[in-house]
Amino acid sequence: MKKYLASLFDATANKLEYLKNKSVILSVPNQKGHGDLSTNIAMLLTKELKKNPREIATEIIDNLDYDSSIIEKIEIAGPGFINFSFSIKFLSKIIFEIDEAKSDFGKSKKHVGKRANVEFVSANPTGPLTVGHGRNAIIGDTVANLLQWIGYDVDREYYFNNAGRQMRVLGQSVQLRYKELLGEIVDFTDEYYQGEYIKEIAQLLVDEHGDKLLNEDDESIFKSKAEKEIFKEIETTLEHLDIKMNNFFNEQTLYDDGKIDAVLKEFKDKNLSYKKDDALWLKLTELGNEQDKVIVKSTGEPTYRLPDIAYHITKFNRGYNLIIDVFGSDHNATFPDVKAGIQALGYDAEKVDVLIYQFVTIIEKGEVVKMSTRKANYITLDELTEAVGKDVVRYFFNMRSLSSHLNFDIDLAKKQSEENPVFYLQYAHARISSILRMTDEQKMNSSFDNLELLSTEAEINLMKMLHQFKDEVYYSAVNYEPHRIANYLEELATSFHKFYTDCRILGTEKKLAEARIALAKSTQTVIKNGLSILGVSAPDRM
RNA sequence: GCACCCAUAGCUCAAUUGGAUAGAGUACCUGACUACGAAUCAGGCGGUUGGAGGUUCGAAUCCUCCUGGGUGUACCA
C-alpha cells in the first residue's frame, strides 16, 4: 500500500514544486473510519506555503494521478489529514504475494551486502547464566534475526574476559572446595563464589586428579577447569534457547596480538593521552566528554576502556557496517568513553549502536526475588527455560520495549493457559492448521481466482493486517524494537480469531470458501514468519 | 550533588517516534458451543498519561521546574 502511494507522490512532485524533496510520511490511522493510510503532509506545509492546510490538501489530491481501481476513496479530514482507502481488489492481492514468497514474506533486501556484528550476553564465565542474562540473550538474538530479515549478513558474538580479579576468585573458590572435598578444613568466607556448581567442578577435578593437586600453590589450574566447565554450561543454556554464537572473542587475544599496544601508541601519537599520578589518562574532555578517564592504572593494568576500544576497532577492521552492543542499564555510563575513543582514532562511531535494556525483576508468588551471582541467590536461565519452555522465555523477553523495566512473573509464565499470551498466537496458528487438515479431507482447495469475494469487515481487516507485516518488520529492525513484532502478532491473531468466528469455511459456497482458505493460509504464513523472527515455534497442534 | 533511564486503567504494558476520540491483555460483571479447536468471540466497567508551567494548528511524546523510583557516578567490568 505504502509503496504505491509513495510512487504516486513522487510523480506528483513533478507537478507541485513544494512537494519536491519532501518525505511524505504515510501512517496507518489508529481510528477506524480514517482510511487505510493517512498523511499529515498538508499540515506540515502550512508554514512554508502560508495557506490553509485543507486548501493544500485539495490541491495535492487534484494533482494525484491515481488508479481508481486501486484507491477507492480519498478524503480530507480533521485539520488537514489526507486519508486513503483501498479497494478490496488491491487489498486481496497480498494473499497471492504471501503465497509466492512463503517463508520469505516480510523480508526486505534494503541492506543486502552489508554486514552486522551483534555482540550480546558477554558474561564472564564465573557462573551459570541467570534470568537477568536471559533478557540480554533474547534481545541480542532477536535483533540479529531482525537485521537478517532486512538483508544484513549478521554475526553473533560473545565477548569475554578470563583474566580479571573475578576469575582469580573463581579459581580460588574451586581450589578451596577441592581441598574441602579431600578432607581439609577450609575457611570458605563469603568473598568466594557460593554456588553449588563450584563444588561440582571441584568434584570433577577430584575424579580426574585425585589428591595430586593438593600442593598446587596457585589457582590457575582450578581457574581454567572452571572456565571450561562453565562455558560448556553457558553454551548449552543458549542452545536450549536456540541461540548459536558465531564467535567467542577472548579479551586476552587483544593483548597477545599487540592490539592494545597499537591503540596506546595511536593515542600517544595523536597527543590524546597523558601521565598523571603514575597513571595514563585519556583526554576525553578534548573529545567532548565530561571528564578525562584513566586507561592504564598506576599498577600498569589497563582499565576496561582500553581493551573495549581495541576490541571495537577489531570490529571495524573486520569489515562490519553496523556494530551493535547489547548492555544492561548498569553499563550505561561506560560506552560514551569507548565511543569517543574510537571516534578519536578515526573510526565512525555512528556505526556503533548500543542497546540499553532495563533490568528484569523476577516476580514469584507475587513477590520480588532479589538476585546475586556471587551469593548464589539466583534463578538460572536454564532452570527458567526448563520450567516454562523456550517459547515462553523468548516471548516474554521480547514482548516489552527495551526501556521498560520488565516484570517477569514466573507463575504467569508457567501457566499453560489463556492468560499466557504466547499460547494465543500459537493457538491461532494451530487453528489454521486444523482448518487446513479439515478442508484437505473434504477435498477443498484454496484459490486466488475470486479473492474479491472477501468483503466482510473481518476479512478486510485481516487483509489490512497482512499488508502491514513487511513495514512492521522493517520498522522493528531499524529501530531495534523486537517488541513491536510481538504486539503486531497479537493484533494479527486477534484479527484472525475474529475472522474465524465471523466467516465460516465449511458449508460456504465453493468460490467464497476457496478464497477464505487462501486467506487463512496466508495468515498462517505471516504468523509463522513473525514467530520465527522472535524465535518462537509455530505448532500445528497444541 | 551530578549523569542516564523510567512514571500511562486496580495490575502488566502499547501508542507507527509530534497527529485525529490514549489502546490491548489481565482482574471484575454479562452474553455466545447438537457444523471448521470455547486455549475463542461479543458487550460492559475502568484515565486530569505522577504534578505545575511552556513551545504550536496539535503534546503521553519536545523544553523548564518539582515529586517519586531504577542504574551509574573508581586507577572495578
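So you know, we letter chains A, B, ... as the sequences are listed, proteins then strands, and number each from 1. For the numbers below, each heavy atom of this structure counts, side chains included, while hydrogens, waters and symmetry mates do not. Bear in mind the structure is a predicted one, so any value in this text is a computation, not a measurement.
Remark: Met167(A) CE to Ser173(A) OG distance equals 10.5 Å, nearest 0.5 Å.
Nearest-nucleotide positions on RNA chain B place Phe499(A) closer to the 5' end than the other of Phe499(A) and Asp502(A). With the nearest nucleotide of RNA chain B identified for both Ser38(A) and Leu506(A), Ser38(A) has the one nearer the 5' end.
The C1' atoms of C36(B) and C11(B) are separated by 36 Å, rounded to the nearest whole Å. One C1' atom belongs to C66(B), the other to A24(B), and the distance between them is 32 Å to the nearest Å. Nucleotides C65(B) and A22(B), compared at atom P, are 30 Å apart to the nearest Å. Between C76(B) and U12(B), the two P atoms lie 39 Å apart (nearest whole Å). G51(B) and A9(B): their P atoms are spaced 10 Å apart (whole Å). On the P atoms, U30(B) is 23 Å away from A38(B), given to the nearest whole Å. Comparing C62(B) with G19(B), their P atoms are spaced 11 Å from each other, to the whole Å. Taking atom C1' on both nucleotides, U61(B) is separated from C45(B) by 28 Å, rounded to a whole Å.
Comparing U17(B), A14(B), C57(B) by their closest approach to the side chain of Pro79(A) singles out C57(B). Checked against U16(B), C41(B), U17(B), the side chain of Asn479(A) finds its nearest nucleotide in U17(B). Here the side chain of His497(A) is nearest to one of C36(B), U40(B), U71(B), namely U40(B). Taking every side-chain heavy atom of Met43(A) into account, C57(B) is the closest of C57(B), C41(B), C36(B). Looking at the side chain of Asn407(A), the nearest of the listed nucleotides G19(B), G37(B), U12(B) is U12(B). Of the candidates U40(B), A20(B), U17(B), A20(B) carries the atom nearest the Phe81(A) side chain, counting heavy atoms from C-beta on.
With hydrogens and angles ignored, a donor-acceptor pair under 3.5 angstrom links the side chain of Tyr475(A) to the base of U17(B).
Stacking between Tyr424(A) and A39(B) is absent: the ring centroid is not both under 5.5 Å from the six-membered base ring centre and under 30° in plane angle. The aromatic ring of His34(A) stacks onto the base of A20(B), its centre lying under 5.5 Å from the centre of the six-membered base ring with the two planes under 30° apart.
Side-chain contact, Ser298(A) with Asp278(A): no donor N or O sits under 3.5 Å from an acceptor N or O. A side-chain donor-acceptor contact under 3.5 Å links Tyr18(A) and Glu59(A).
Here Tyr311(A) and Phe249(A) bring their ring centres to under 6.0 angstrom of each other. With ring centers used as reference points, Tyr159(A) lies 6.0 Å or more from Phe248(A). Between Phe86(A) and His467(A), the distance separating the two ring centers is not shorter than 6.0 angstrom.
Among the atoms of the strands shown, base atoms are found under 4.0 Å from some heavy atom of Arg541(A). Using a 4.0 Å heavy-atom cutoff across all strands shown, Ser404(A) reaches sugar-phosphate atoms only and no base atom. Nucleic acid contact class of Tyr500(A) (heavy atoms, under 4.0 Å, all strands): base.
A close approach under 4.0 Å does occur between a side-chain nitrogen or oxygen of Arg431(A) and OP1 or OP2 of A38(B). Contact check, His483(A) against U16(B): no side-chain N or O comes under 4.0 Å of OP1 or OP2. Residue Ser401(A) places at least one side-chain N or O closer than 4.0 Å to OP1 or OP2 of A14(B). One finds no side-chain N or O of Ser27(A) lying less than 4.0 angstrom from the OP1 or OP2 phosphate oxygen of U17(B).
Taking the syn range as angles within 90° of 0, the glycosidic angle of U26(B) is outside it, so the base is anti.
Per the geometry, CZ belonging to Phe396(A) stands 16 Å off P belonging to G25(B), to the nearest Å. Ile356(A) has its CD1 atom 12 Å from the P atom of C6(B), to the nearest Å.
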Tabulate atom names and distances for all N/O pairs under 3.5 angstrom spanning the protein and nucleotides 75-77 of chain B.
{"unit_1": "C75(B)", "atom_1": "O2", "unit_2": "Ser298(A)", "atom_2": "N", "d": "2.8"}
{"unit_1": "C75(B)", "atom_1": "O2", "unit_2": "Ser298(A)", "atom_2": "OG", "d": "2.8"}
{"unit_1": "C75(B)", "atom_1": "N3", "unit_2": "Ser298(A)", "atom_2": "OG", "d": "3.4"}
{"unit_1": "C75(B)", "atom_1": "N4", "unit_2": "Asp277(A)", "atom_2": "O", "d": "3.0"}
{"unit_1": "C76(B)", "atom_1": "OP2", "unit_2": "Lys297(A)", "atom_2": "NZ", "d": "2.4"}
{"unit_1": "A77(B)", "atom_1": "OP2", "unit_2": "Tyr304(A)", "atom_2": "N", "d": "2.8"}

Short N/O separations, protein against nucleotides 59-61 of chain B, under 3.5 angstrom:
none

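With hydrogens and angles ignored, the 3.5 Å screen pairs no side-chain donor or acceptor of Asp292(A) with any backbone N or O of Trp281(A). Between the side chain of Arg431(A) and the backbone N or O of Tyr500(A), no donor-acceptor pair lies under 3.5 Å.
With both pairing distances under 3.5 Å, A3(B) is matched to U71(B) as a Watson-Crick or G-U wobble pair. Under the Watson-Crick and G-U wobble criteria, each requiring two contacts below 3.5 Å, nucleotide A42(B) is paired to U30(B). Remark: G23(B) base-pairs with C13(B). Criterion, Watson-Crick or G-U wobble with two distances under 3.5 Å.
Ion pairing between a basic and an acidic side chain is recognised when a charged N comes within 4.0 Å of a carboxylate O; Lys315(A) and Asp325(A) show such pairing.
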